[in-house]
Amino acid sequence: MRYTSLFGWAFFAVSLWSAPVQAVSLHSIFADANAAYQHEDYRRAIKNYSHLVRLGVHDPDVYFNLAIAHAKLENYGNAIRYFERALRLRPSDATVQKNLKQADQALAARHLALGIESAIQHEPPFVPSVLRRVSVSLLFTLVAVFNFLCFAFLTARVLLRKETWRLVAGVGSGVTGVGLFLAGFLLLAKTGIVAASEDAVVLLDRARIQVQPRADGTEKGHAFEGERALILKRHGTYYRVTFADGRKGWILTDAIGII
């Protein structure tokens with residue numbers, strides 16, 4: 001568990017627009033969550049950390065503490081969910097990466113003991129996997145650098161007279177243009193401005209995957225706790241999801257958590 005000044009920054013940001021009573025409440029909720037964790041009352045700790053998240057506190061250490069509390073209760077799907085959220089805000093945090101790996105390993109051991117195939121996709125899809133490893137500031141820097149280089153190559157292609165150098169400049173502008181597009185897309189996805197789908201993790205073992213989004217929907221398979229998926233859309237209490245191995249279908253919203 002972490003006691004952190006980062007929560008102080010999140011608390012300060014919320015308090016700028018919150019009433020003083022609410023600001024005091026946030027601090028008391030955080031303190032109660034920490035106290036509950038220290039007394040090994042992990043359910044109460046989860047309740048209070050989750051309350052902070054619902055109130056708009058999005059802090060990597062709050063997510064980390066919430067994940068650890070879930071891991072203590074062997075709720076590994078939820079633990080993975082919040083470790084992943086922490087990594088989005090602090091991509092290079094080795095402690096979070098280590099605990100995420102341990103949660104995945106614990107689930108793999110549980111599945112092995114239950115005789116479940118080990119080929120379950122525990123790694124997040126490609127784009128979310130890249131996003132959790134890079135910071136917003138790095139993506140801003142890459143966009144600026146690629147933008148400058150692309151402009152420089154385009155300018156050189158216009159000004160240069162020698163055909164060989166014009167060809168080099170043309171190739172350079174194409175390469176940096178692709179780099180600019182990719183960096184820009186990742187930046188928009190990282191900041192949540194664009195999101196064609198949302199990455200998620202299955203929270204329950206043997207969650208039903210259905211053909212139709214209704215209670216009597218035809219079952220077409222199962223998903224297992226800790227599996228990564230992408231949410232495509234929502235219909236009532238169901239999400240339409242796709243998995244890395246090509247499985248698609250509808251799953252209850254309570255059985256899968258958005259990262």
Side-chain angles (χ1 to χ4, degrees), residues 1-4 7 29-54 57-90 93-125 128-129 132 198-209 221-231 237 239 241 243-245 247 251-259:
M1 188 185 69
R2 292 176 173 176
Y3 300 94
T4 173
F7 176 80
I29 295 168
F30 185 62
D32 188 63
N34 290 340
Y37 184 95
Q38 289 295 333
H39 289 90
E40 299 184 2
D41 187 351
Y42 301 121
R43 297 187 193 282
R44 196 177 95 212
I46 289 170
K47 178 181 177 181
N48 283 285
Y49 288 132
S50 298
H51 192 191
L52 287 172
V53 174
R54 288 193 299 272
V57 177
H58 301 293
D59 177 89
D61 291 315
V62 171
Y63 287 141
F64 178 82
N65 290 353
L66 182 53
I68 289 292
H70 274 296
K72 291 289 186 179
L73 296 177
E74 299 185 358
N75 300 330
Y76 294 117
N78 267 307
I80 290 168
R81 179 187 188 186
Y82 291 108
F83 283 137
E84 292 279 11
R85 285 195 184 186
L87 280 177
R88 282 190 172 187
L89 298 175
R90 192 188 293 144
D93 193 316
T95 301
V96 179
Q97 293 171 354
K98 176 183 176 182
N99 280 274
L100 173 60
K101 183 177 181 180
Q102 289 174 344
D104 274 324
Q105 291 173 339
L107 264 181
R110 176 190 288 173
H111 291 154
L112 182 62
L114 293 173
I116 298 172
E117 293 184 13
S118 60
I120 290 175
Q121 177 67 25
H122 289 288
E123 284 298 314
S129 179
R132 84 180 190 191
E198 296 180 280
D199 52 310
V201 60
V202 177
L203 305 179
L204 304 174
D205 262 337
R206 299 195 66 80
R208 282 168 51 96
I209 303 173
H222 293 91
F224 296 91
E225 186 176 7
E227 280 195 87
R228 308 309 202 274
L230 288 176
I231 293 176
T237 58
Y239 286 128
V241 300
F243 294 90
D245 60 4
R247 286 172 297 157
I251 188 169
L252 278 168
T253 55
D254 290 344
I256 193 166
I258 294 174
I259 296 171

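Residues take their numbers from the sequence shown, with the count starting at 1.
- For Y63, the side-chain hydrogen bond (donor to acceptor under 3.5 Å, both in side chains) test picks out H58, with sequence neighbours left out.
- Between the side chain of R208 and the main chain of R206, no donor-acceptor pair closer than 3.5 Å is present.
- Side-chain atoms of N75 never come within 3.5 Å of backbone atoms of N78 as a donor-acceptor pair (strictly under, hydrogens ignored).
- With sequence neighbours left out, the side-chain hydrogen bond (donor to acceptor under 3.5 Å, both in side chains) criterion links R110 to E225.
- Taking the salt bridge (charged side-chain N to carboxylate O under 4.0 Å, His left out) definition, one finds that D205 meets it with nothing, sequence neighbours left out.
- If you take CG on L107 and OH on Y76, they are separated by 7.5 Å, rounding to the nearest 0.5 Å.
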Fill in: Verdict with supporting geometry, Y82 and F64, ring-ring contact (aromatic ring centres under 6.0 Å, His included)
CA-CA 6 Å; Y82 291 108; F64 178 82; over 10 Å; no

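- Residues meeting the salt bridge (charged side-chain N to carboxylate O under 4.0 Å, His left out) test with R44, sequence neighbours left out: D32, D41.
- In this structure, the side chains of L89 and D59 stay at 4.5 Å or more apart for every pair of heavy atoms.
- In this structure the side chain of L230 never reaches within 4.5 angstrom of the side chain of V241, judged on heavy atoms.
- For I258, the side chain to side chain contact (heavy atoms under 4.5 Å, CB included) criterion is met by E198, I231, Y239, not counting sequence neighbours.
- At distances below 3.5 Å, at least one donor-acceptor pair connects side-chain atoms of R85 with backbone N or O atoms of I259.
- Residues satisfying the ring pair (Phe, Tyr, Trp, His ring centres under 6.0 Å) test with F243, not counting sequence neighbours, are none.
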